[in-house]
Amino acid sequence: MNKTININLGGLFFHIDELAYKKLKRYLDAIAHSLSDDPQGKNEIIADIEARISELLSERILDVRQVVNEDDIEEIIAIMGQPEDYTDGETDYDQTQTYTRRKKGAKKFFRDGDDKFLGGVCSGIGHFVGVDAIWIRLAFILLLASGFSPLAYIILWILLPEAKTTSEKLQMEGEAVNIDNIEKKIRTEFDNISSKLKGSASEISDKISGADYDKLRSQTKSGLQDFMDTIGKILVAVFKVFGKFMGVLLIIIAGATLISLLIGGFSVGSISFLDLEGTISYPPFFYDSLLPKWLLTTFIFILIGIPFIVLFVLGLRILSPNIKKFTNTTNLTLLGIWLIALLGIIFSAIEYGTSKAYDGTHAKTHQLTYKKEEPIKIRVTNDKNLYAPYRLNRKENTIQVELNNKQYKYSNNVTINVIKSETENAYVEINKSSEGRRRREANENAKNIEYRFKIDNNTLVFNAYFLNDIKKMGMDEKVEVILLIPENTSVYFEKSSRNFLYDIDNTDDIYDKDMVNHHFKMTKKGLDCTDCDDDDVEQEKEDEKNTEINQETI
């Protein structure tokens, strides 16, 4: 009857009888004694040998209640090899004893963590098939270029374990896992580390000798965890590259903006100082502000420029951390200047808002003299010396123009309507509207709007525009022309009036723009088209509806 002992070998728990325990202890002591004269990597070698013995015992002990006996230990020693010849109870080491020869074993498929570009899959395949890893990597690249999915690599990355221990590395290379090979493998790796870190060989040796390998093994990550960690590193690298790209983008955008502000600010400021008005258009609130244009220009430059200066420096710091930050004094100074500019712009904006507080109107009626037996033709013209648009258009277009060496506001916000006169006479009513700080000022602004028309041989010629003081540039001004004609009077809308006709009632419900090039006669019910074919009217209505739908879609 033998006594049993509980032992912890390589992080695993075993029941072993006393005789087997003594044989195993003498075996491990002999190995330790054989390494005593050269302690380089000794602890790591012994730890790996114990781990390998633990693996071999685990293959034989299938029941946790099974006891390890002497036969099990003899079989393991036969596999691992004899480090020496020793006598009972003695641990003398024979220096002439040679290790067992390196034997080839069955290869196992692992990922090589020591020679990896991403996950070490290609290196592992290279060890398994006996081909250099570079050829496997080239093959993967060619497969990817030909449309092969990278999913296969990712699956292998997740499923294949990484060769971390010395035993796993030997199995990956197809070497027998015995004392001879374990020691040579560890010493080779140790020599490689020592050659790379010449100045810190002793420190590395201390770390290796003091390492807790059981703890390291317990913390070994799975293939999926390693894959996720590597993906995380790749994402970090991508974000770093993206950050550099953002830095370049900030420098380009901020630099271009600052250069544009410098050129624009210098141009506007120079023109303002030299009183060369008319060669540049300012924002609307510049024209009637208490502050001079050059000061408002400076405020806008500061308001926009300082944030972009900060962005420019930020971009430089992203690209090169050596660029120094602004000092607190500089930051406070820039902030103070920026706040002053902001307050100046806010003041001008409030002042501009108060200048549009009230709406004002001015109306004037002109009686017409015309030949009643002939139709009144309606025509719209523009002064090409002031402004030459591509086509006449009622859509508001307000610009600065020069007339007789004086600057004016030019606007084509003009509408024309035709209604029935309550008398036997024809009239033209000009309704002007404007804005101002007070009602009286708004009415006065409306009155000062310059709008002209004339009648020549039964042709009413209306201007496509009106003029006003340049300081009214920001005012929402318009001119409404109303032609009042008695019953049985005919009118003809020339093509030039197409975009200025506005909401004209007619018995056929023809759209305003489709009334051009047609004669209409005023009746009790309104204007009636005298030369419109019913089919043409319906077609014009359909075309107009399609045009409106297309415009809404756009």
Side-chain angles (χ1 to χ4, degrees), residues 366 368 370 374-399 401 410-420 426-433 449 451-467 477-485 489-523 526-554:
H366 306 268
L368 296 181
Y370 66 101
E374 296 180 7
I376 300 175
K377 295 181 180 179
I378 297 178
R379 179 184 303 169
V380 177
T381 62
N382 185 53
D383 189 343
K384 294 184 179 180
N385 293 323
L386 292 176
Y387 177 62
Y390 174 72
R391 63 176 181 174
L392 291 175
N393 201 326
R394 182 181 63 84
K395 186 176 180 180
E396 185 175 0
N397 186 9
T398 303
I399 60 172
V401 297
Y410 171 104
S411 177
N412 56 4
N413 191 10
V414 178
T415 63
I416 300 174
N417 193 5
V418 180
I419 63 176
K420 183 175 179 295
Y427 304 91
V428 171
E429 184 177 300
I430 307 296
N431 296 316
K432 309 173 186 177
S433 62
I449 292 176
Y451 182 77
R452 296 176 181 175
F453 74 96
K454 64 180 180 179
I455 186 166
D456 184 16
N457 294 326
N458 263 39
T459 300
L460 270 172
V461 182
F462 296 103
N463 280 354
Y465 64 94
F466 62 84
L467 302 175
E477 299 180 323
K478 61 183 179 181
V479 171
E480 181 184 11
V481 179
I482 301 177
L483 174 61
L484 298 94
I485 56 175
T489 301
S490 297
V491 293
Y492 177 79
F493 298 99
E494 293 188 355
K495 186 177 180 180
S496 59
S497 65
R498 172 183 173 85
N499 293 312
F500 295 86
L501 303 180
Y502 181 73
D503 199 21
I504 300 178
D505 291 330
N506 59 88
T507 57
D508 296 311
D509 289 332
I510 300 175
Y511 289 102
D512 298 326
K513 292 183 179 181
D514 295 328
M515 296 177 71
V516 298
N517 298 328
H518 289 292
H519 290 83
F520 289 82
K521 185 176 182 180
M522 183 60 70
T523 65
L527 289 175
D528 181 53
C529 185
T530 58
D531 58 357
C532 296
D533 190 27
D534 290 340
D535 293 336
D536 292 340
V537 171
E538 292 300 325
Q539 184 62 43
E540 287 173 353
K541 288 182 180 180
E542 186 66 27
D543 292 342
E544 188 66 25
K545 287 181 180 179
N546 293 334
T547 302
E548 290 180 354
I549 292 173
N550 292 334
Q551 290 175 347
E552 291 177 359
T553 303
I554 294 172

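Reckoned from all heavy atoms, side chains included, excluding hydrogens, waters and symmetry mates.
- With values rounded to the nearest 0.5 angstrom, Thr489 atom OG1 is found 11.0 Å from Leu484 atom CG.
- Between Glu477 and Asn413, the closest side-chain pair of non-hydrogen atoms is not below 4.5 Å.
- Evaluation of the side chain to side chain contact (heavy atoms under 4.5 Å, CB included) rule for Lys420 yields Glu487, Met522 as partners, not counting sequence neighbours.
- Scored by the ring-ring contact (aromatic ring centres under 6.0 Å, His included) test, Tyr492 finds His519 as partners (sequence neighbours excluded).
- Leu368 contributes atom CG, which lies 5.0 Å from atom CD1 of Ile455 (distance to the nearest 0.5 angstrom).
- Considering CE of Met515 and CZ of Phe520, their distance stands at 4.0 Å, rounded to 0.5 Å.
- Under the 3.5 Å distance criterion, the side-chain polar atoms of Thr507 are matched with a main-chain donor or acceptor of Leu527.
- For the side-chain contact (heavy atoms from CB on, under 4.5 Å) with Leu460, the qualifying choice from Val491, Val428, Ile416 is Val428, the only one to do so.
- Val414 places none of its side-chain heavy atoms less than 4.5 Å from the side chain of Val380.
- For Ser433, the side chain to side chain contact (heavy atoms under 4.5 Å, CB included) test picks out Thr361, Lys478, with sequence neighbours left out.
- You'll find the side chain of Ile378 reaches within 4.5 Å of the side chain of Val418, heavy atoms only.
- Note that NZ of Lys513 and CG of Leu501 are 10.0 Å apart. Values are rounded to the nearest 0.5 Å.
- Tyr410 pairs by the ring-ring contact (aromatic ring centres under 6.0 Å, His included) definition with Tyr387, Tyr465, not counting sequence neighbours.
- Put simply, the side chain of Asp503 never gets that close to the backbone of Asn417: no donor and acceptor are under 3.5 Å apart.
- For the salt bridge (charged side-chain N to carboxylate O under 4.0 Å, His left out) test, residues two or more places apart in sequence or in another chain that qualify with Arg379 are Glu494.
- Between Val516 and Ser497 there is a side-chain heavy-atom pair separated by less than 4.5 Å.
- Atoms CG and SG, on Asn517 and Cys532 in that order, are 10.5 Å from each other to the nearest 0.5 Å.
- For Glu374, the side chain to side chain contact (heavy atoms under 4.5 Å, CB included) partners are Lys371, Asn458, not counting sequence neighbours.
- The closest donor-acceptor contact from the side chain of Asp508 to the backbone of Ile510 lies at 3.5 Å or more, if one exists at all.
- Under the 3.5 Å distance criterion, the side-chain polar atoms of Asp512 are matched with a main-chain donor or acceptor of Ile504.
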Between Val481 and Ile430, is the side-chain contact (heavy atoms from CB on, under 4.5 Å) condition met? List the steps. CA-CA 5 Å; Val481 179; Ile430 307 296; 3.9 Å; yes
Dump the intermediate steps for side-chain contact (heavy atoms from CB on, under 4.5 Å) on Phe466 and Lys432, then the final yes or no. CA-CA 10 Å; Phe466 62 84; Lys432 309 173 186 177; over 6 Å; no
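- Residue Phe453 holds its CZ atom at 9.5 Å from CG of Leu483, rounded to the nearest 0.5 Å.
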Asn463 and Thr381: side-chain contact (heavy atoms from CB on, under 4.5 Å), yes or no, with the steps? CA-CA 5 Å; Asn463 280 354; Thr381 62; 4.1 Å; yes
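- Although no hydrogens or angles enter the test, the distance criterion places no donor-acceptor pair under 3.5 Å between the side chain of Ser490 and the main chain of Pro375.
- Applying side-chain contact (heavy atoms from CB on, under 4.5 Å) to Leu467 and the options Leu386, Ile449, Asp383 leaves one that passes, Leu386.
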